[in-house]
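Some notes on the structure that comes next.
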Amino acid sequence: MNFELIYEWSDLFLKGTLITIGISVAGILLGAMLGLVIALGRMARTVYVRWPTDAYVNFFRGTPLLVQVLIIHFGVVPALYGSSNVYIAAILALTLNSAAYCAEIYRAGIQSIDKGQREASYSLGMTHFQAMRFVILPQAVKRMIPAFGNEFIVLVKDSSIVSVIAAPELMYWARSMGAAAYKVWEPYLTAALIYFILTYSLNKLLIYIERKTVTQ
Amino acid sequence: MNPMIRVKQLSKSFGSNTVLRDIDLEVMPKEVVVLIGASGSGKSTLLRCLNALETAEKGEIWIEETPLLAKDTNIPKLRMEMGMVFQQFNLFPHMKVIDNITLAPIRVRGWTPEQARAKGMELLRKVGLETKADAYPASLSGGQSQRVAIARALAMEPKIMLFDEPTSALDPEMVGEVLAVMKTLAKEGMTMIVVTHEMGFAREVGDRIIFLDQGVLLEQGTPEEVFGNPRNERTKEFLSKVLA
């Protein structure tokens, strides 16, 4: 192991790590929000809402993230903006992909709540939206936390895939270093260690949140 | 006086299984109507049709002047006037007792939190649970939970109260405390429809007893008539079993 070499590249690794954190957090937050909308769509009564949201989930769960990243970077973003931007493409791809998985987590969580809760809400004059907002979701979210934890950790690791469109995140700099210095162990073990620290910390944070919400 | 509830030729089936057949029913203001019958006779389904938790496919239901089954009827608005108490209580486990009670008055009726809380505390005193205001439902006994559920329904100031086997999930020693609250309500003039297996309660508090059998309204009358001198063979058979 050439630690001096790693030290030489440490600025770029740090920069890449920050960008990995940035696009992951953006993907998690936006994906969780979009996922809720998709989940509610999949539980809607009208097929015109259900069909497109079903198709959405099937497409994003049924095709590789790598393919999605390439389609979005070289196809979708240029079609919308004229030219592509690696950050927009990376965040968009991670968000859309994560939303499909989050939607399934929401749906399972919502459907796990006893139907008596909804009936009691309705019997008090609440609308469908009010029952969701005040009764169903607050209970369902607690049950979803472990599943969301998994999804978020997967997303942090999967964010490495956007290195193929040269988004300058952690994996991109590891590959650059590997190519430039003609080394294997130094760049990839460093990257692995940093990813591990990120997911391990995220896991600890989620366990803390879970404990806090359950004892409430 | 106009009836609070009118049901005309109501039918309902789940798939090929007919659970209600041509039910006719009128409930007057301040009347306490008790629905009895074997399980599967359709009495809970009838009750649930009255506040649209089940949709009847044939017939008419009128709540005061509003046709429940009309397409443009505002169902949530209609339900505000009808409290419902469930067999399984269905308290909101993530909220304190007082918040269970004030949620709908604040969010649905638009009361201020202070106003709703005052009303909530008054109702908790009424059901004898003012000390439990800040407890979570998980810490309550079955009887206490059901009394909170009654307070929660009353907080919306409904004109009608529907009770769906309110004591069936309770330990025997807790049945009395819930029935006592219901008795008080009946005395105060609340219009009530009660599905129950508590024949003592039906006889004492009911103004009218209705016997359902296999989705058909077979017999109705005052408690004296139905319990004292049942005319229908099925009623006799049922009563001899439950009163034995």
Side-chain angles (χ1 to χ4, degrees), chain A residues 32 35-36 39-40 43-50 102 105-149 206-216, chain B residues 44 47-48 50-55 74-96 99-111 116 136-138 145-146 148-165 169:
Chain A
L36 179 58
L40 294 176
M43 290 182 289
R45 261 187 229 138
T46 46
V47 275
Y48 302 105
V49 180
R50 223 165 46 219
C102 286
I105 297 172
Y106 281 116
R107 193 169 69 118
I110 288 168
Q111 287 176 347
S112 78
I113 301 298
D114 184 74
K115 76 178 193 336
Q117 293 289 308
R118 202 172 335 137
E119 290 184 350
S121 311
Y122 289 164
S123 79
L124 291 163
M126 284 186 225
T127 60
H128 179 70
F129 176 81
Q130 288 171 324
M132 271 292 165
R133 162 80 181 74
F134 300 115
V135 178
I136 311 295
L137 281 178
Q139 295 180 62
V141 162
K142 280 183 201 173
R143 298 192 191 176
M144 297 170 194
I145 289 171
F148 272 124
L206 287 159
I207 288 171
Y208 172 76
I209 292 171
E210 195 179 339
R211 201 171 296 148
K212 254 199 126 171
T213 47
V214 169
T215 50
Q216 214 176 55
Chain B
S44 282
L47 196 74
R48 290 162 58 83
L50 295 180
N51 71 349
L53 287 180
E54 304 283 356
T55 327
N74 184 338
I75 298 283
K77 190 156 174 268
L78 206 60
R79 287 181 178 136
M80 289 163 68
E81 312 302 333
M82 283 191 285
M84 177 133 183
V85 175
F86 299 86
Q87 183 177 350
Q88 299 296 340
F89 330 133
N90 295 340
L91 293 180
F92 306 137
H94 60 302
M95 291 180 179
K96 289 176 180 174
D99 298 325
N100 263 272
I101 296 171
T102 58
L103 177 67
I106 294 171
R107 299 296 178 176
V108 178
R109 285 244 190 254
W111 292 3
Y136 279 92
S145 297
Q146 196 59 299
V148 170
I150 293 172
R152 179 176 70 176
L154 290 174
M156 288 296 284
E157 302 188 330
K159 294 180 186 157
I160 306 166
M161 284 288 284
L162 309 174
F163 291 86
D164 188 6
E165 303 201 23

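Labels below follow one simple rule: chain letters A, B, ... track the order of the sequence lines, proteins then strands, and each chain is numbered from 1.
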Quiz item: When you look at CZ of B:Arg48, are more than 12 heavy atoms from neighbouring residues, nucleotides or ligands closer to it than 6.0 Å?
Solution: yes
Self-check item: Contact summary for B:Asn51 and A:Ser123, nearest pair of heavy atoms
Solution: ND2-CB, 3.9 Å
Self-check item: From B:Arg79 atom CZ to A:Thr127 atom OG1, the distance as rounded to the nearest 0.5 Å
Solution: 10.5 Å
Quiz item: Rounded to the nearest 0.5 Å, what separation is found between the NZ atom of A:Lys142 and the NE2 atom of B:His94?
Solution: 7.5 Å
Self-check item: Validation row: A:Pro138, B:Met95 side chains within 4.5 angstrom (heavy atoms)
Solution: no
Self-check item: Proximal component of B:Met156, with respect to chain A [non-hydrogen, under 4.5 Å]
Solution: side chain
Quiz item: If you count heavy-atom pairs under 4.5 Å between each of B:Pro93, B:Gly83, B:Ala52 and chain A, which one has the most?
Solution: B:Pro93
Quiz prompt | Contact origin within B:Arg152 toward chain A - heavy atom pairs under 4.5 Å | solution = both
Self-check item: Main-chain N/O of B:Arg107 paired to A:Gln130 side chain as donor or acceptor, under 3.5 Å
Solution: yes
Practice problem: Would you mind checking which part of B:Leu91 comes under 4.5 Å of any heavy atom in chain A, side chain (CB onward), backbone (N, CA, C, O), both or neither? | Solution: backbone
Practice problem: Give the minimum heavy-atom separation between B:Phe86 and A:Ala120, together with the two atoms involved. | Solution: CE1-CA, 3.6 Å
Quiz item: How close do B:Ala153 and A:Leu124 get, heavy atom to heavy atom, and via which atoms?
Solution: CA-CD2, 4.1 Å
Self-check item: Polar side-chain atom of B:Asn90 near backbone of A:Gly116 as donor-acceptor pair, under 3.5 Å
Solution: yes
Practice problem: Please assess A:Met126 against B:Leu103 for the test side-chain contact (heavy atoms from CB on, under 4.5 Å), listing each intermediate value before the final yes or no. | Solution: CA-CA 10 Å; A:Met126 284 186 225; B:Leu103 177 67; 3.4 Å; yes
